[in-house]
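Each remark here refers to the structure printed beneath this line.
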Amino acid sequence: MTYCHRRPLSYALILAALASPACDDLDAPEPASVEWRGIGGYPPLNTSKLLNTDLSAVDTLGAVLAGVRLVSVEVKRGTHFYPVQLSTLAAEAGELVGEAMFPIGATAVAGDDFLQSIWTFQVGGPFYTSVEARLIDMETADDAGLYEDVLTPDPITHPRKLDPLRWVYTFMYVDGANLFNVCESDNHVGARMVIFGDILVNKSTGDIDARPNTLQFGCLTSAVGKAALWGYAPDSPSLASVTLEEFETSTRMVRADYCADGTSYTAVGQVISMSDRWGINQYANGHTTEAAWKAGQGATCLRRKRLDHADLKAPLVCPDLHEIPLCGTDSALGSRLLAGDDDMWTKIPP
């Protein structure tokens, strides 16, 4: 029996002009018809949303995570859609993989087999609403222009160090008669995201832990995706990966989460450059020290706050009352980085 996905009326209204005799494609709309309903202020850990519910991660065995349940994924072959066995769905080095139930039986699918796939979610419990999203575009980071092999990137556009072979994904969903990006969009990275397998980010504390049967979404406009974009990913397909602890601290560095408790001390749009002990990035000339960072922690020392560029006169007292000392000389910071006492060193414009 051929399986053909049946869409709700909202899809039929939007796609009337594009409809094919069978199951039709959802083409990307013009930018004017795209809106992201998100938040402003400090850099969020993630910017993905379905309706008014954050879409941070899903459990592939059907458990509810932060008010979201993944119900089904269907891949397109020809003019028809076929269900993926959710127990086989995973992300390996950022690539979606699984087994789809084609007429010939269960068949492995991976990579761009998922292009135009339909993802059905339930959101907003306890009275859940079903939402369908479509994977409208996917490409490698290299094809998307998200990899530059330069040590000192432009601090205005920030590093573009996403592994060149890593897949990036663009999802959209329908609400009524309107299409919306799942991720917030900007002029540098669009509305793209990366997907991590078997990790989960705590949206309150910023802690990142291993969790089986999990897909963690990371919009490139958020700290989770941006850390990977800047070269710090735990699952790179061709470049060196960082550990999960180092990845967690990289996301804290993106958000100026000095105290490692989920509190951000910056705002969207602040310029930053960085060096690290792995040789991924080198800070920009003319910038001066903000902080040093260590895996498994937040900042190990602090000289200036990113938000207002103010020089600190005394250690920063965190909400749990532990203090972050003032940074020493740049010479001392360089020695600490070389010795592995710190992992990253951030600078900001004077």
For this session: Indicate yes or no: does K203 engage D54 in a salt bridge with an N to O separation below 4.0 Å.
Result: yes
Problem set entry | F121 and its side chain to side chain contact (heavy atoms under 4.5 Å, CB included) partner, picked from V68, L51, T53, V71 | V68
Problem set entry | Nearest-0.5 Å distance, CZ of residue R277 to CG of residue D342 | 10.0 Å
Exercise. Ignoring hydrogens and geometry, is there a side-chain-to-backbone donor-acceptor pair from K347 to S275 under 3.5 Å?
Worked result: no
For this session: Name all residues meeting the ring-ring contact (aromatic ring centres under 6.0 Å, His included) criterion together with Y128; count only those two or more places apart in sequence or in a different chain, and write none if there are none.
Result: none
Exercise. Nearest heavy-atom pair of T288 and P350: which atoms, and what distance?
Worked result: OG1-CA, 4.3 Å
For this session: Among residues two or more places apart or on two chains, list those pairs meeting disulfide (SG to SG under 2.5 Å) that have a residue in residues 45-121.
Result: none
Exercise. Taking the side chain from N281 and the backbone from W230, do they hold a donor-acceptor pair closer than 3.5 Å?
Worked result: yes
Problem set entry | Rounded distance [0.5 Å steps], CG in L115 versus CD in E139 | 10.5 Å
Exercise. Applying disulfide (SG to SG under 2.5 Å), which residue pairs with at least one partner in residues 201-295 are found, sequence neighbours left out?
Worked result: C183-C219, C259-C318
For this session: Find out whether L89 and L215 are in side-chain contact, i.e. whether some heavy atom of one side chain is under 4.5 Å from a heavy atom of the other.
Result: yes
Exercise. Got a second to check how far D209's CG is from Q216's CD, nearest 0.5 Å?
Worked result: 11.0 Å
Seminar exercise, completed: Nearest heavy-atom approach of R252 to G298 is CD-CA, 4.5 Å
Exercise. If you count the non-hydrogen atoms of other residues, nucleotides and ligands that lie under 6.0 Å from CD in E92, is the total more than 12?
Worked result: no
Exercise. Would you find a donor on one side and an acceptor on the other, under 3.5 Å apart, between the side chain of D261 and the backbone of D320?
Worked result: no
For this session: Going by the side chain to side chain contact (heavy atoms under 4.5 Å, CB included) test, name the single residue among D276, T346, D343 that passes it with M253.
Result: T346
For this session: Could you go through the side-chain contact (heavy atoms from CB on, under 4.5 Å) check for R77 and Y82 one step at a time?
Result: CA-CA 8 Å; R77 178 162 290 185; Y82 302 90; 4.0 Å; yes
Exercise. Sub-3.5 Å donor-acceptor pair from the side chain of D163 to the main-chain atoms of S238, do we have one?
Worked result: yes
Exercise. Side chains of S72 and P83: does their closest heavy-atom pair fall under 4.5 Å?
Worked result: no
Problem set entry | D59/R211 under salt bridge (charged side-chain N to carboxylate O under 4.0 Å, His left out): CA gap, chis, key distance, verdict | CA-CA 9 Å; D59 182 286; R211 186 185 189 277; 2.8 Å; yes
Problem set entry | Audit row: V182, L55, side-chain contact (heavy atoms from CB on, under 4.5 Å) steps and yes/no | CA-CA 8 Å; V182 170; L55 176 64; 3.9 Å; yes
Problem set entry | H309 and P349, any side-chain heavy atoms less than 4.5 Å apart | yes
For this session: Would you give the length of the straight line joining atom CG of D143 to atom CE of M138, rounded to the nearest 0.5 angstrom?
Result: 11.5 Å
Problem set entry | Any side-chain heavy-atom pair of T140 and L165 under 4.5 Å | no
For this session: Determine, using the 4.5 Å side-chain heavy-atom cutoff (strictly less than), whether V150 and V189 are members of one ILVMFWY cluster.
Result: no
Exercise. Under a 4.0 Å N-O cut-off, is there an ion pair linking D142 with R160?
Worked result: no
For this session: Give a yes or no on whether the backbone of R306 and the side-chain of T266 come within a donor-acceptor separation of less than 3.5 Å.
Result: no
For this session: Flag the pair V131 / W119 as yes when at least one side-chain heavy-atom distance between them is below 4.5 Å, and no otherwise.
Result: no
Problem set entry | Distance in Å, R69 CZ paired with S130 OG, rounded so as to fall on 0.5 Å steps | 10.0 Å
Problem set entry | Side-chain donor-acceptor pair present, Q270, Y265, cut-off under 3.5 Å | no
For this session: Using side chain to side chain contact (heavy atoms under 4.5 Å, CB included) as the criterion, point out the one residue from D235, V168, L96 that pairs with I195.
Result: L96
For this session: Please confirm whether the backbone N or O of T243 pairs with a side-chain atom of E246, one donor and one acceptor, at under 3.5 Å?
Result: yes
Exercise. Between the side chain of N181 and the main-chain N/O of S185, is any donor-acceptor distance below 3.5 Å?
Worked result: no
Exercise. Is there a chain of hydrophobic side chains (I, L, V, M, F, W, Y, each step under 4.5 Å between heavy atoms) that links L307 to M274?
Worked result: no
Problem set entry | R336 vs T300 side-chain heavy atoms within contact, under 4.5 Å | yes
Exercise. If you link I, L, V, M, F, W and Y whenever their side-chain heavy atoms are under 4.5 Å apart, who else ends up in the same group as L65?
Worked result: L200
For this session: Evaluate the side-chain contact (heavy atoms from CB on, under 4.5 Å) criterion for residues T221 and K226: first the C-alpha distance (whole Å), next the side-chain angles of each, then the deciding distance (0.1 Å), finally the verdict.
Result: CA-CA 6 Å; T221 48; K226 195 165 290 185; 5.6 Å; no
Exercise. Taking all non-hydrogen atoms of both residues, which atom of S236 and which atom of A240 are closest, and how far apart?
Worked result: OG-O, 3.9 Å
Exercise. For the side chain of H322 and the backbone of V317, is there at least one donor-acceptor N/O pair under 3.5 Å apart?
Worked result: no
Problem set entry | Crowding at CG, D308 (>12 non-hydrogen neighbours, <6.0 Å) | yes
Seminar exercise, completed: Closest non-hydrogen atoms of L162 and A228, given as atom of the first, atom of the second and distance, are CD1-O, 3.5 Å
Exercise. Roughly how far, to the nearest 0.5 Å, is the CZ atom of F114 from the CH2 atom of W167?
Worked result: 11.5 Å
Seminar exercise, completed: Cluster membership besides W345, Ile/Leu/Val/Met/Phe/Trp/Tyr side chains within less than 4.5 angstrom, sorted by chain and number, is Y283, L333, L337
Problem set entry | Shared hydrophobic cluster, F127 / V64 (ILVMFWY, side-chain heavy atoms < 4.5 Å) | no
For this session: Indicate yes or no: at least one non-hydrogen side-chain atom of T249 is less than 4.5 angstrom from one of M344.
Result: yes
Problem set entry | Closest non-hydrogen atom pair, F196 against G218 | CE1-CA, 4.4 Å
For this session: Determine the minimum heavy-atom distance between L302 and A291, stating which atoms define it.
Result: CD1-CB, 3.8 Å
For this session: Give the cluster check for V97 versus V73: same hydrophobic cluster or not, with ILVMFWY residues linked at side-chain heavy-atom distances below 4.5 Å.
Result: no
Exercise. Do any N or O atoms from the side chain of D257 and from the backbone of G262 form a donor-acceptor pair under 3.5 angstrom?
Worked result: yes
Exercise. Would T129 and L50 satisfy side-chain contact (heavy atoms from CB on, under 4.5 Å), going step by step from the backbone distance to the final call?
Worked result: CA-CA 10 Å; T129 299; L50 292 171; over 6 Å; no
Problem set entry | Counterpart residues, salt bridge (charged side-chain N to carboxylate O under 4.0 Å, His left out), relative to K305 (two or more places apart) | none
For this session: Give the ring-plane orientation class for Y169 versus F171, where under 30° counts as parallel, over 60° as perpendicular and anything between as tilted.
Result: tilted
Problem set entry | M193 with Y173, same ILVMFWY side-chain cluster at under 4.5 Å | yes
Problem set entry | Student check: side-chain heavy atoms of R166 and V194 closer than 4.5 Å | yes
For this session: Using atom types as modelled and distance alone, determine if a side-chain donor or acceptor of R192 lies under 3.5 Å from a backbone N or O of A141.
Result: no
